[in-house]
Amino acid sequence: MSRPSWDEYFLELAAHVAKRATCDRGRAGCVVVRDKRIIATGYVGSPPGLPHCDDVGHLLRKVVDEDGNVRQHCVRTTHAEQNAICQAARYGIALEGATVYCTMEPCRVCAMLLISVGIRRVIARRRYHAGQDTRELFQAAGVELVVWEDQVEEYPDQ
């Protein structure tokens, strides 16, 4: 077995973090790194003290795209990237200039938050089914996005 690159190493850790997720629709994980050191992690899950999808079920809302495509979105949980940002904020850790490793491309809202906190690079394992806005936002903001597998992450009730 060959030694993994730093990107491979942190992507593997993001996959491991995702195992803590509490929503079976998209067990996503996120690792925030600066200078080859982990400074925050996050996974999909409900805010502390609130019920989890795995325990009480999903809280799905329909989203209708401009083209008429209808998608489902679970609003019970906070996304992995959001939880990583919250963890950093809770402990007073600045994210300026850091790299985010995640199991799939961030959604539009997460992309805006990552840009706002100064993330400079995002490495994702797979594509997000509604990731076009994310790619455009990152490009406009000068955030480097690298997707390792040009394949859309699939999960139930997408």
Side-chain angles (χ1 to χ4, degrees), residues 1-48 50 52-55 58 71-74 76-139 141-158:
M1 181 165 93
S2 64
R3 187 173 185 209
S5 70
W6 285 108
D7 287 343
E8 289 170 318
Y9 173 69
F10 290 122
L11 269 179
E12 288 294 323
L13 290 176
H16 194 68
V17 169
K19 293 178 181 179
R20 289 279 308 151
T22 61
C23 180
D24 66 3
R25 288 188 67 242
R27 295 205 188 273
C30 174
V31 175
V32 185
V33 174
R34 187 174 40 239
D35 300 324
K36 299 178 184 157
R37 296 182 64 172
I38 297 169
I39 57 176
T41 64
Y43 52 84
V44 173
S46 298
L50 296 180
H52 298 294
C53 295
D54 289 351
D55 298 330
H58 302 289
R71 296 181 284 118
Q72 298 273 1
H73 189 74
C74 183
R76 185 177 305 285
T77 60
T78 306
H79 292 184
E81 299 87 352
Q82 294 166 351
N83 273 326
I85 290 168
C86 290
Q87 183 187 74
R90 178 175 241 170
Y91 296 104
I93 301 167
L95 301 180
E96 182 74 35
T99 297
V100 166
Y101 294 88
C102 42
T103 53
M104 70 176 127
E105 285 176 303
C107 72
R108 184 182 204 288
V109 171
C110 288
M112 291 189 296
L113 292 172
L114 294 171
I115 291 165
S116 295
V117 299
I119 296 299
R120 290 278 125 239
R121 189 169 176 244
V122 175
I123 310 296
R125 171 74 63 194
R126 291 191 175 146
R127 297 232 177 257
Y128 174 54
H129 70 274
Q132 185 59 39
D133 284 349
T134 294
R135 293 187 284 279
E136 292 170 6
L137 285 166
F138 283 162
Q139 183 175 14
V143 174
E144 179 186 0
L145 172 64
V146 177
V147 179
W148 277 49
E149 299 173 14
D150 193 19
Q151 173 182 351
V152 173
E153 182 74 22
E154 297 202 17
Y155 48 86
D157 295 321
Q158 200 164 1

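All heavy atoms count here, side chains included; hydrogens, waters and symmetry mates do not. One is the number of the first residue; the rest follow in order along the sequence. Here the structure is a predicted model, which is why all the values come from computation and not from measurement.
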Practice prompt. With rounding to the nearest 0.5 Å, note down the distance linking CD1 in I119 to SG in C110.
Written response: 11.5 Å
Discussion item. Less than 4.0 angstrom from a charged side-chain N to a carboxylate O is my criterion; do D54 and R27 meet it?
Written reply: yes
Discussion item. Is the shortest side-chain heavy-atom distance between V32 and L95 below 4.5 Å?
Written reply: yes
Fill in: Sidechain-backbone polar pair: R76 side chain, C23 backbone, donor-acceptor under 3.5 Å
no
Discussion item. My understanding is that only residues two or more places apart in sequence, or in another chain, count here; which of them pass ring pair (Phe, Tyr, Trp, His ring centres under 6.0 Å) with W6?
Written reply: Y9, F10
Worksheet item: Where do T103 and A14 come nearest, in terms of heavy atoms and distance?
Response: CG2-O, 3.8 Å
Worksheet item: With distance as the sole test, does E149 use its side chain to make a donor-acceptor pair with the main-chain N or O of R126 at under 3.5 Å?
Response: no
Worksheet entry | Side-chain touch Q72/H58, heavy atoms, less than 4.5 angstrom | no
Worksheet entry | Min side-chain heavy-atom separation E81-C102 under 4.5 Å | yes
Worksheet entry | Main-chain N/O of E96 paired to R34 side chain as donor or acceptor, under 3.5 Å | yes
Worksheet, complete the sentence: A28 and A80 have their tightest heavy-atom pair at O-CB, 3.7 Å
Discussion item. Using 0.5 Å steps for rounding, measure from the NE2 atom of H52 to the CG atom of D24.
Written reply: 13.0 Å
Worksheet item: Hey, what do you get for CD (E8) to CG (L13), rounding to the nearest 0.5 Å?
Response: 12.0 Å
Worksheet, complete the sentence: In this structure, CE of M112 is separated from SG of C107 (nearest 0.5 Å) by 8.0 Å
Discussion item. I need the L137 CG to L114 CG distance, nearest 0.5 Å.
Written reply: 10.5 Å
Response to the item:
Smallest heavy-atom separation, G42 atom then V17 atom, equals O-CG1, 3.3 Å
Discussion item. Side chains of R90 and Q87 only: does a donor on one sit below 3.5 Å from an acceptor on the other?
Written reply: no
Worksheet item: Distance only, no hydrogens: is a donor on one side chain within 3.5 Å (strictly under) of an acceptor on the other, for Y43 and N83?
Response: no
Worksheet entry | Interatomic distance, H16 atom NE2 to L11 atom CG [nearest 0.5 angstrom] | 14.5 Å
Item to complete: Taking the side chain as every heavy atom from C-beta outward, state whether F138 and R121 have any atom pair closer than 4.5 Å.
Response: no
Item to complete: Kindly determine whether E144 and V122 satisfy side chain to side chain contact (heavy atoms under 4.5 Å, CB included), including the steps that lead there.
Response: CA-CA 6 Å; E144 179 186 0; V122 175; over 6 Å; no
Discussion item. Check this for me, if you would: do E153 and R125 make a salt bridge, where the nitrogen-to-carboxylate-oxygen distance has to be below 4.0 angstrom?
Written reply: no
